[in-house]
Every structure is written in C-alpha cells, then in structure tokens.
Amino acid sequence: MKYDFAEIEKKWQAVWEREKPFRAETGSDKPKFYGLIEFPYPSGQGLHVGHPRPFTAMDIVTRKKRMEGYNVLFPIGFDAFGLPTENYAIKNHVHPAAVTKQNIANFTRQLKMLGYGFDWDRVVDTTDPEYYKWTQWIFLQLYKHGLAYKTTMPVNWCTSCKCVLANEEVVEGVCERCGAPVIRKEKSQWMLKITEYAQRLIDDLDDVDFIERVKTQQRNWIGRSTGAEVTFKATTGDDIVVFTTRPDTLFGATYMVLSPEHALIKKWLPLLKNADEVREYQRLAASKSDMERTELNKEKTGVKLSGVCGVNPVNGREIPIFISDYVLATYGTGAIMAVPAHDDRDWEFAKKFGCEIIEVVSGGEDVQKAAFTAKDETGIMVNSEFLNGLTVKDAIPVITKWLEEKGIGKAKVNFKLRDWVFSRQRYWGEPIPMVWCDKCGWVPLPESELPLRLPEVDSYEPTDDGESPLSKMTDWVNTTCPHCGGPARRETDTMPQWAGSSWYFLRYMDPHNPDALASKEALAYWSPVDWYNGGMEHTTLHLLYSRFWHKFLYDIGVVPTKEPYQKRTSHGMILGEGGEKMSKSRGNVVNPDDVVKSYGADTLRLYIMFIGDFEQAAAWSDNAVKGCKRFLDRIWNLAETRIDGPEACSHANEAAVHRAIKKVGEDIEAMKFNTAIAAMMGLVNDFYDNAPSRGDIKALLQLLSPFAPHIAEELWERQGFEGYASTSAWPRYDESKMTESEKEIAVQLNGKLRATATVPVDADDETVLSIVKAQEKVARALEGMEIVKTIVIKNKLVNLILRPVK
RNA sequence: GCGGGUAUGGCGGAAUUGGCAGACGCGCAGGAUUUAGGUUCCUGUGGCUAUACCGUGUGGGUUCAAGUCCCACUACCCGCACCA
C-alpha cells in the first residue's frame with residue numbers, strides 16, 4: 001500500500017482529539033516541563049508558513065520530554081486584540097469580536113491539521129472578558145502601587161493608525177505596524193513605570209538562560225549609563241540641572257544646550273531679546289517627525305538664547321545657553337553642559353556656532369581639529385585645577401565627591417528606557433478600568449466590577465481629534481464615581497496589544513479559574529516557564545514588558561518566581577523561494593494548507609525543521625520539501641508490514657541505532673533539528689543496506705515520533721507495538737554499543753593525507769603504526785626515507801614526518 | 001557611529017577538544033524497473049591541465065596538522081541610533 005498521509009493524519013488527529021494524550025496535569029508527581037511558544041495573532045490570512053517553525057520546534061522538544069517521563073505543559077492561545085482585526089471590521093462593517101471568532105476557528109483548524117501536541121483544554125483568548133478581567137485586574141494593582149499614572153507629555157503619534165505608540169513600537173521613525181510617519185503630539189496618557197524596574201531588568205538577566213543576543217539587546221535597550229547630575233545657575237537665578245557621564249570634563253563646559261521642549265524656556269521667553277526666533281525654532285522642532293529629526297542629524301541646528309546665560313559652577317564663568325533638538329527632552333534632564341573638546345556632538349555644534357573649545361583632557365589630537373573622547377586611562381586631566389594630572393578614570397570619583405560636598409551635584413544613573421505609554425485611542429483593546437470624577441480625580445473601578453466589558457459601538461473608526469471611538473458612547477462613558485457616587489466619566493482609551501500578552505503564560509497554568517488569574521497551587525507547580533521560544537522582534541517589546549509585569553506580580557506576592565522564563569531561544573525567519581521576504585506583493589507566500597494538501601503535515605513539519613540552522617533565516621524550497629516526503633516514503637516502505645522477531649537491535653545496525661539515538665536526543669536539546677533529521681536519514685539509509693530488525697524499527701519510530709507524529713503512530717500500530725509511539729518511553733543508548741570493533745583512520749605523510757587504514761578500535765600506538773607501515777602505499781613512500789616524528793591520534797589519524805636518509 | 005551576527009560545492013547546509021572538509025538533503029549525470037512520462041531502486045557527483053596539485057570571504061601568522069587558534073582586513077545581514 002502507498003503512504004496515504006491524508007488518511008493517516010486524519011485518523012490520528014481524531015484519536016488525539018478523543019483521548020487527549022497531551023493533556024497537562026497540574027500537581028502530578030512527575031517532574032514538570034513547561035514549554036512555551038508565542039501565541040499567534042489570529043489574522044484573517046490564517047497561519048503563515050513561518051508559524052510552524054517555532055511551533056514545530058517546541059512541539060518536538062515537548063514531545064520528547066513527554067516520552068522521557070515529564071508532565072508536560074505545552075499550551076496554545078490567541079493574542080486577539082489588535083488593529084488589523086479592527087481595521088478589517090471597519091472596512092467590512094462587522095464586529096471585531098465576530099471577525100476574531102472566525103479567525104480563531106480557522107487558526108485552530110490549521111494548528112490541529114499540523115498535529116501539534118497542545119493541551120487544547122487550556123486555550124486562552126485575550127479578548128475573552130473572563131481573560132481580560134485579569135488583565136484589567138493587574139492594571140488596577142499597578143495603579144494601586146503607584147506604577148500606573150496619567151500624564152500629559154509629547155508622545156509618538158502614528159498618523160495613519162491615529163493612535164499613540166510606545167517607544168518600542170517606533171522603528172526608524174515610522175510606525176512598526178503600518179510604516180506611516182510618527183510625529184510628536186502632546187497628549188494625556190496612561191503610563192506604566194517600567195523605569196522603576198530598569199536596574200532589576202538588567203541585573204536579573206544574569207540568572208536566566210537566554211541566548212546572548214537577547215540579553216545584549218535588552219541591556220542596550222534599557223541603556224544604563226552612570227554619571228552625575230550637576231546644577232548650573234542661570235543669570236536669572238534659575239537652576240538648570242544637567243546629566244553628564246563625564247563630570248571630569250566640567251572645566252571644559254563652554255556652553256549649555258536645552259531641548260526645545262525644556263520648561264525653563266517658556267518662563268524665560270519674556271526676557272529674551274530673540275523670543276520670536278526661539279519660538280519659531282520650537283515650533284519647527286515640534287512639527288518634525290521622528291524620521292525628519294533623525295535624518296537631519298548630520299547638520300546641527302539651534303538658537304542661542306539672547307539675554308540669559310548659564311554659570312559654570314566649578315569656575316563661575318558665564319557661558320551661553322542654546323536650544324537645539326540634538327538634546328532630547330525625554331532623556332536625562334533635557335539639558336546638557338556642552339564640552340566640545342571631548343564630545344563629538346558638542347564639538348560639531350561648537351564649530352558651527354563658534355563656541356569656545358577648551359581642552360581639559362590631554363592625550364589626544366588637537367581638540368580644535370577633533371574631539372578627544374577616550375574615557376579610559378589614556379587621557380590626563382589638564383586646565384582643571386584640582387583634577388590636573390589625574391587620569392579620566394580617577395578624576396570622575398574625585399569630582400563627583402567634590403560636587404556632592406558643595407551641594408551642586410550628585411552621582412546619578414540614567415536609563416534610555418522610558419516609561420511605557422499604555423493608552424491607545426482605538427476600540428479593539430481592553431478598556432482601562434478607571435473613572436474620572438471632577439471631585440475625586442482618577443478613581444479605580446472596584447475589583448468586583450471587573451471585567452469592565454467593551455460596549456457595543458456603532459462605529460469603530462478612529463477619530464481625527466485623537467480620541468478613542470469609545471468616547472462617542474456617552475451611555476457607557478457617563479457613570480458614577482465609585483468613590484463619592486457623583487457623576488463621573490470612564491477612561492475611553494484602551495490598552496495596547498502588549499497588555500494581554502504580558503501575562504498569558506500564567507493563565508495557561510490555570511485557565512478557567514474564576515477567582516484569581518491562576519491558583520497559588522498551579523503557579524507554584526508550573527512556574528517558571530522552562531523554555532520559551534519566540535521571535536527576536538519581540539525582544540524589546542513583549543519579552544521586556546512581560547518580564548516587567550512578572551517582576552511586579554512577584555513583588556506583590558502573586559507569582560512565586562522573579563523571572564517568568566528560565567530559558568529563551570529564538571528562531572530565524574522563513575523567507576520565500578529565492579531568499580526574499582514572503583509578501584503578498586511579491587507573490588511568494590507559501591500557504592501551509594497547500595503544503596499539507598500536497599505532501600502532508602508530517603512532511604511539512606519535517607521540512608521546516610530540516611530547512612537549515614534553526615536560529616538563521618532560511619529560504620523556502622519546494623524541491624527540498626519533496627526530499628522530506630521521499631524520506632517518509634522510504635520509512636513507510638521499510639515498516640509498512642510487520643517485522644517479526646525479538647525487539648532487539650540487529651547486529652548489523654546496532655551501532656548505527658545507538659549513535660542515532662544519542663545524536664537525535666542531543667540535537668533536539670540543542671535545537672539542531674536539521675542535523676537530528678540528517679541523522680535519521682542516515683539511519684534509514686543504513687536500513688536499506690542492512691534490513692532492520694523489529695527492534696531497529698521500533699527505535700526509529702520513536703525517534704521519528706516527535707518530528708512526524710502521524711506516520712510514526714501509524715507504523716507503530718502496524719508493527720503491533722504496545723500503546724502509542726508518542727507516549728512510549730524515549731529510547732536509551734548504550735555508549736559501549738555505539739562503536740564498531742574496527743575504525744578507519746587517516747594516514748598522513750608530512751601532514752598530507754596519503755591513505756586510510758582500518759585498525760582495531762582503541763588499539764595502542766604500536767599496533768596502529770605496524771598496520772599503517774605495512775600498507776603498500778606507505779611502505780613505498782618510506783623507501784629511502786627516515787621517520788623524524790610520529791604523531792598518533794587514537795581512532796583518528798597517524799601522521800609520519802619523513803625526510804630522505806643522508 | 002555603537003552593539004550583535006554571518007561568510008564553506010551548482011543550491012540549502014554538516015564538521016566535540018585543532019585531526020580524512022563537504023555529513024544529510026536538493027539539483028545534476030549514468031544505469032535498472034516501466035509501453036512512455038512520473039514514481040521507485042542502484043551508482044556517481046568540490047575544482048582541475050587528474051599518480052600530482054588547488055580548494056572553507058581577503059592578507060599575514062602559530063602548528064606535524066587550521067573551516068576551527070592569533071593578528072590585520074573586506075563584504076553582507078539584523079538591532080539601536082544626536083541617549084550627553
């Protein structure tokens with residue numbers, strides 16, 4: 001009979017549906033293993049062929065763990081709030097909830113079609129009120145602990161989504177999602193104080209097993225820098241606080257720069273002789289998009305404040321003050337002291353505006369020609385009174401201490417990370433459970449009133465005035481103050497897409513709990529996630545946000561671990577045939593439904609894992625898919641009919657089987673799925689040379705089971721093995737059975753390969769040498785030569801260094 | 001500019017501690033089966049002026065031995081980007 005993958009896959013999926021062999025059991029005595037993949041956003045296009053890469057990888061890992069006796073939690077869910085669904089709903093005049101339901105049904109069908117061993121009883125959906133009740137609950141806890149606050153500030157505004165964005169969502173000055181320009185807009189926004197956790201988010205990376213590039217990317221994003229805050233006086237008497245990482249260069253500060261948005265400027269405007277010019281610069285800076293601001297960074301611009309000066313606190317010198325957009329309002333204090341001799345940006349600005357350049361660190365080139373920025377021992381302080389003669393490194397603590405004693409400065413750590421802008425002016429998100437009362441201010445909704453459901457609205461259209469569509473729902477908006485009972489209004493912004501995904505892995509532990517986000521017992525049993533695989537694009541978004549929320553939940557005693565994820569790995573993208581990104585416009589999108597139809601789910605699973613290094617991007621190839629199908633056909637031919645005999649390895653294949661067991665097992669743990677499959681292919685090739693015994697086939701089917709579970713199960717049944725392949729015990733290997741009695745070694749003469757020799761395994765050097773020298777080719781080469789040096793590497797090679805006899 | 005990564009046949013990619021470079025797959029060539037095509041099976045497949053020699057982005061070096069270690073480069077990809 002032919003390998004009828006469609007029939008077989010249907011059959012076993014029905015068995016799994018009925019018998020639920022992949023159900024996780026909270027509290028089981030077995031050791032637990034929690035493997036997690038990033039839950040998909042259920043888009044209208046259905047599953048992309050990129051999805052099966054991480055999904056299949058973790059399915060393989062967890063299936064192996066299950067066979068090794070672990071109680072495995074491998075859950076799935078849907079991150080279903082978000083803009084594409086909302087936009088689709090607007091365009092087609094349907095409710096986003098209806099669209100979501102449809103899309104989830106389609107995703108579910110596709111995921112089942114691929115044979116994943118999910119625990120389907122634990123599915124979560126972030127748009128389910130029973131789920132987002134707890135998302136809102138966490139928000140209330142953040143609010144009660146002072147970590148959620150509402151403030152007016154310049155925020156990123158996507159001109160197309162008509163919605164604010166978090167810093168993490170702005171990529172190269174455009175919206176991460178739609179690519180439209182992002183501008184600055186003053187808006188009142190809910191913020192989460194992720195900055196309060198900045199240090200811990202860096203420190204605790206030391207305790208987790210994340211791949212290095214994830215750690216560095218998070219560290220860079222958080223961007224810790226140490227230095228000092230120094231207070232300069234202005235001639236108006238105002239204090240100007242600046243942050244600097246180079247307090248040692250204070251004597252070289254020859255001017256100051258404020259960001260165009262700095263609060264002091266407004267105060268000073270009436271005093272300024274060039275107030276109009278300053279206002280015009282402010283207006284220009286505000287209207288620039290982030291894109292323009294960064295693109296124009298080659299040329300520094302600015303305006304000197306005419307009528308106000310700063311005073312350098314170390315020497316009392318009056319220095320000019322500029323405003324310029326190269327100083328960012330949102331970093332440090334929004335003001336800097338400029339040391340053109342030792343900072344590239346200040347140097348460039350000083351050259352353009354004719355500011356004085358004073359060298360205070362010697363050891364570089366002429367500071368009139370270029371800034372000298374070395375921060376190590378190479379520079380020696382000059383022109384700096386009591387710092388003269390010190391290295392930069394030694395000068396920093398001296399000046400910092402001096403500043404502290406004089407009361408004009410202090411050591412300070414700054415982070416690039418900013419607080420998380422948490423409001424979105426859109427409909428399809430979790431309502432923020434807050435109420436504004438003119439008497440009481442912001443009042444949190446009582447927990448008993450959760451979930452605060454999304455109301456039905458007539459229109460989901462975002463508005464040009466920057467208000468959420470919810471703001472039009474006066475019935476819903478107008479409410480009573482939970483505190484004083486007076487008239488009040490609900491918050492009409494919703495939460496960002498990242499809210500629901502910041503804690504979903506906790507809900508999986510106890511998904512139907514009506515009284516808590518998850519029970520203490522479930523949290524204690526399953527925490528932390530043992531292995532989380534996901535995309536690099538989430539490193540400074542979801543991964544960072546969820547670590548922050550988890551640390552907060554740990555602080556208030558809700559979760560038992562400091563970190564949510566013990567191990568984090570990442571996969572490369574699947575590109576189209578030819579190596580370009582898959583996209584509708586290029587017409588190179590591969591639909592998993594089509595592949596499954598033509599070749600079967602097992603082939604797709606196998607191919608997507610065989611395609612290349614898991615961490616590297618890989619291009620789709622239809623031909624290579626056929627190769628994987630051929631491999632399964634070959635296995636089918638071997639095992640289709642029952643092989644009788646004892647369940648032991650055959651003599652001829654024993655070593656190969658044991659080596660394959662070792663290789664496949666180790667490669668799965670190391671995510672080297674491609675070589676694991678290559679090892680199985682090699683084993684099957686061996687079986688074509690030496691007919692496999694019943695035991696040989698059994699081992700092969702067990703190794704294959706995590707990768708291609710349907711065919712493995714079918715052949716397992718046809719062979720009449722007990723139970724299921726997928727729940728059988730993972731095979732063991734015996735190191736002593738892995739090697740044959742003889743080994744082929746390389747024979748080099750003067751370092752060049754000249755022959756090979758077959759020698760007994762682990763034979764001593766003399767035996768090996770005598771065999772080698774007896775070889776005709778070697779013997780001939782030895783004529784008239786003497787051996788100067790002999791190198792023997794056990795079981796690997798012999799190298800003879802020869803020279804002519806004198 | 002800063003941080004991270006990659007570079008190996010016609011292609012995707014393999015190669016513990018330095019120890020037979022090119023596993024496995026695709027493609028290609030030849031053969032068998034087949035009325036034919038397809039499928040399947042077997043054999044071969046880095047280059048070349050072929051007992052030799054040359055081959056892992058480039059140029060040096062260490063070593064009996066280098067894809068692997070050291071020094072100096074180049075190209076490409078990803079992330080961040082005026083962060084004081």
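Atoms considered below: every heavy atom in the structure, side chains included; atoms not considered: hydrogens, waters and symmetry mates. Keep in mind the model is a prediction, meaning the values are calculated, not measured. In the text below, chain A, chain B and the rest are named by the order of the sequence lines, each starting its count at 1.
- No hydrogens or angles were tested; on distance alone, nothing pairs the side chain of Lys416(A) with the base of rC80(B) as donor and acceptor under 3.5 Å.
- With hydrogens and angles left out, the side chain of Lys629(A) and the base of rU39(B) share no donor-acceptor pair within 3.5 Å.
- Between Thr675(A) and rG13(B), a side-chain N or O to OP1/OP2 separation shorter than 4.0 Å is absent.
- Distances shorter than 4.0 Å separate some side-chain N or O of Asn674(A) from OP1 or OP2 on rA14(B).
- Between Lys2(A) and Asp4(A) there is no salt bridge, since no side-chain nitrogen of the basic residue lies less than 4.0 Å from a carboxylate oxygen of the acidic one.
- Nucleotide rG25(B) carries an anti base; the chi torsion (O4'-C1'-N9-C4 or O4'-C1'-N1-C2) is more than 90° from 0.
- Counting only N and O atoms by type, the side chains of Asn533(A) and Thr569(A) include a donor and acceptor under 3.5 Å apart.
- Taking atom P on both rA75(B) and rG59(B), the two are 16 Å apart, rounded to the nearest angstrom.
- Comparing the C1' positions of rA66(B) and rG18(B) gives an interatomic distance of 6 Å, to the nearest angstrom.
- Between Asn685(A) and rG25(B), a side-chain N or O to OP1/OP2 separation shorter than 4.0 Å is present.
- Lys300(A) forms no cation-pi arrangement with Phe349(A), by the criterion of a distance under 6.0 Å to the ring centre and an angle within 45° of the ring axis.
- At rC78(B), none of the side-chain N or O atoms of Arg213(A) fall inside 4.0 Å of OP1 or OP2 (strictly under the cut-off).
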